[in-house]
Structure formats: C-alpha cells, structure tokens
Amino acid sequence: MGEQVINKAIIEIENNTSIFFQLEKYIDEVEEIYFAGGKPLIMEEHYAILQLLIAKKRFYVRLIYNTNFSTFKYKNYDILKMWDQFTNITVTVSLDASYQRGEYLRKEQNLENLLQNRKTLLSNAPSIKFKIQSTISVFNVYHIVDFHREWIENNYIDPQNKELNILNNPANYTIQLLPYEFKVRVKEKIETHIEFIKKTELLHEKKYDLLITSYQGY
C-alpha cells in the first residue's frame, strides 16, 4: 500500500515571486488572510497581496493585522484608501501602557503618533475592528487597568477589544516575583476595574465576560 501524500500546511517561500504564484492559485477560495506583526504596513508584499485581492474583487476576504500601527502610508500606497474597499478588517496593536511607560516597553513606539493614527482611523474607517494586545509584566501590571480605562473613556477602544498576555520570560520580569503586599494592591485595582467594566456593559448592553475572566486570571 503506497504512502499517502499530505500537503504541508506551512510552506517555505524561497522568494517574493514564488509566494504570489502560490497565492494566486487560491485567491478565489481564500476566506481570511492574517498579516503578522510587527510592521506589515511597511512591507511591499502586503500591498501586492491587497492589490491582487482588489483586482479579483475579493472584497469580502477577512483581513486581520497585528501591527505597531505607526503609519498609513508607504511609498505610493495609502492603506486607508485600500482598506475602504474591504468589508471585514481587524487591526490588533501591541501596546502595553500609555506615553513614556509605553514607549519604554515597546522599542521605537511613539504614543503621540499612535494616538493620532487611532483618531484618523476612527474618523475615516470607524467600521474597522480595533483591538489592543498587552503583555503583562512587572513594568505595567499596576497601571494596565488605568491604561485600559483611559482608552475606554476617550472612546479609542470598545472595552471588550482588549487582549492580555502574561510574560513568562525573562523570569525576573514576571509578575509572580512581586511581593505579596504589592499583589494585593494590584488585585484591588483589578477588582475596581472589573466593576467599571460591568457598569459599562450595562450602559452599552454588551458582554465582556471573556475580558473580565482574563483580568481575574492574572
């Protein structure tokens, strides 16, 4: 009995030309494309893929991004004009804190520029789902709920569009090493923030159970 040949789910691409030949074969069937971080908005390949989708009128393909959200323009491309043709876009930004603390934790991140980009996106493409992904460490564990609340109150983000990851390495930056007394203070802040989220839920009639569970989990 001969061996069954199984196509690999992940393939190596030798060059940029190769990827487009392979992608073009499936462009009429593809349902979702994920552009991994952190800088897909300044990658030539990203725009070539969007142009291929536009040429094929595949405007209902789900586009998912993980990005540092630093710019909307690259060379002659204007991503907002290109996004305007698609119906289902999610943008996730890696952001751990506000202003100086955020810039310290994320190399080359400019929070003033990022906030301006967020306002531009709200004005020009409010239907795009915008999410924040934060990594919790000793540097931001006490302030992460303040950061979240600030963005909610300024209408920069829907409360449920917040993802939390716990830092595991390096060990000396993990929250497990914090003194017990400090952990108690953090716990009290989280509990207060959860009550704030619940009030927001009642106001807007939305469900934030998953987010609340995430906060309770750390």
Side-chain angles (χ1 to χ4, degrees), residues 34-42 64-71 90-119 121-122 128-218:
Y34 171 57
F35 297 100
K39 301 180 179 180
L41 300 185
I42 56 171
I64 301 175
Y65 291 83
N66 190 294
T67 172
N68 64 3
F69 205 55
S70 60
T71 184
T90 298
V91 174
T92 299
V93 178
S94 298
L95 188 58
D96 298 329
S98 291
Y99 301 104
Q100 290 91 345
R101 183 176 288 106
E103 292 173 353
Y104 176 78
L105 292 173
R106 293 280 176 176
K107 184 180 179 182
E108 298 180 357
Q109 194 164 67
N110 184 313
L111 267 296
E112 184 176 346
N113 177 61
L114 191 148
L115 281 174
Q116 185 56 54
N117 287 345
R118 179 59 185 133
K119 294 174 183 177
L121 191 66
L122 281 168
I128 290 178
K129 186 175 183 180
F130 182 88
K131 301 171 68 175
I132 289 178
Q133 187 176 76
S134 298
T135 299
I136 309 301
S137 68
V138 295
F139 299 106
N140 65 346
V141 65
Y142 190 74
H143 301 279
I144 193 67
V145 295
D146 301 327
F147 165 53
H148 189 199
R149 181 164 182 160
E150 172 193 334
W151 277 61
I152 293 171
E153 291 180 334
N154 283 288
N155 295 314
Y156 296 149
I157 188 173
D158 288 337
Q160 76 275 18
N161 290 343
K162 172 81 168 178
E163 298 177 356
L164 302 172
N165 297 320
I166 306 297
L167 181 74
N168 294 314
N169 288 295
N172 55 318
Y173 292 164
T174 63
I175 60 177
Q176 288 82 359
L177 297 182
L178 292 170
Y180 173 78
E181 294 79 8
F182 190 83
K183 291 179 180 178
V184 171
R185 291 168 57 195
V186 170
K187 180 175 181 289
E188 291 172 350
K189 287 195 71 171
I190 292 173
E191 290 172 346
T192 300
H193 188 58
I194 288 174
E195 291 306 311
F196 166 73
I197 292 173
K198 288 180 178 179
K199 291 178 182 178
T200 305
E201 176 183 343
L202 292 173
L203 181 63
H204 296 285
E205 298 181 353
K206 294 181 180 179
K207 292 292 182 182
Y208 307 135
D209 296 343
L210 182 60
L211 174 64
I212 289 172
T213 301
S214 297
Y215 272 117
Q216 290 172 332
Y218 82 84

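Below, all heavy atoms of this structure are taken into account, side chains as well, without hydrogens, waters or symmetry copies. We number each residue from 1, following the sequence as shown. Since we're looking at a predicted model, the values are computed, not measured.
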If we only count heavy atoms from C-beta on, is the Phe130 to Val93 side-chain gap below 4.5 Å?
-> yes
dist Asn113:CG -> Thr71:OG1 (nearest 0.5 Å) comes out at 7.5 Å
Could you tell me whether Arg185 sits above the aromatic face of Tyr142, with NZ or CZ closer than 6.0 angstrom to the six-membered ring centre and within 45 degrees of the axis?
-> yes
Quick one: are Phe69 and Val91 in side-chain contact, heavy atoms under 4.5 Å?
-> yes
First locate atom OG of Ser137, then atom CG of Leu177, and finally report the distance between them rounded to the nearest 0.5 Å.
-> 11.5 Å
Close side-chain approach of Leu114 to Glu103, heavy-atom, < 4.5 Å = no
Who passes salt bridge (Lys or Arg N to Asp or Glu O under 4.0 Å) against Glu195, sequence neighbours left out?
-> Lys198
In Å, rounded to the nearest 0.5 Å, how long is the span from CG of Asn110 to OH of Tyr99?
-> 11.0 Å
Name all residues meeting the salt bridge (Lys or Arg N to Asp or Glu O under 4.0 Å) criterion together with Glu153; count only those two or more places apart in sequence or in a different chain, and write none if there are none.
-> Arg149
Nearest heavy atoms of Val186 and Val141, plus distance in Å = CG1-CG2, 3.8 Å
Applying side chain to side chain contact (heavy atoms under 4.5 Å, CB included), name anything that partners Asn66, two or more places apart in sequence or on another chain.
-> Tyr34, Thr92, Ser94, Gln133
Hey, does Asn117 have a side-chain heavy atom less than 4.5 Å from the side chain of Leu121?
-> no
Using the test salt bridge (Lys or Arg N to Asp or Glu O under 4.0 Å), find all partners of Lys183 that sit at least two apart in sequence or belong to another chain.
-> none
Do Leu95 and Gln109 have side chains that get closer than 4.5 Å, going by heavy atoms?
-> yes
Is the OH atom of Tyr173 crowded by more than 12 outside heavy atoms at less than 6.0 Å?
-> no
Identify the heavy atoms of Asn169 and Leu167 that sit nearest to each other, and give their distance.
-> O-CD1, 3.0 Å
In Å, rounded to the nearest 0.5 Å, how long is the span from CD1 of Ile144 to CG of Leu164?
-> 6.5 Å
What closest approach, in Å, do Leu111 and Ala97 show between heavy atoms, and which atom pair accounts for it?
-> CD1-O, 4.1 Å
Nearest heavy-atom pair of Thr90 and Lys131: which atoms, and what distance?
-> CG2-CD, 3.8 Å
Taken in chain and number order and not counting sequence neighbours, the residues that satisfy salt bridge (Lys or Arg N to Asp or Glu O under 4.0 Å) with Arg106 are Asp96
Classify the angle between the aromatic ring planes of Trp151 and Tyr156 as parallel (below 30°), tilted (30 to 60°) or perpendicular (above 60°).
-> perpendicular
Taking the side chain as C-beta and beyond, is there a heavy-atom pair between Ile197 and His148 under 4.5 Å?
-> yes
How far does CD1 of Ile166 sit from OG1 of Thr174, to the nearest 0.5 angstrom?
-> 10.0 Å
Inter-residue atom distance Leu105.CG - Asn140.CG, 0.5 Å rounding | 5.5 Å
Is the shortest heavy-atom distance from the side chain of Ile152 to the side chain of Phe196 under 4.5 Å?
-> yes
Applied to residues 135-146, the salt bridge (Lys or Arg N to Asp or Glu O under 4.0 Å) test, sequence neighbours excluded, yields Asp146-Lys189
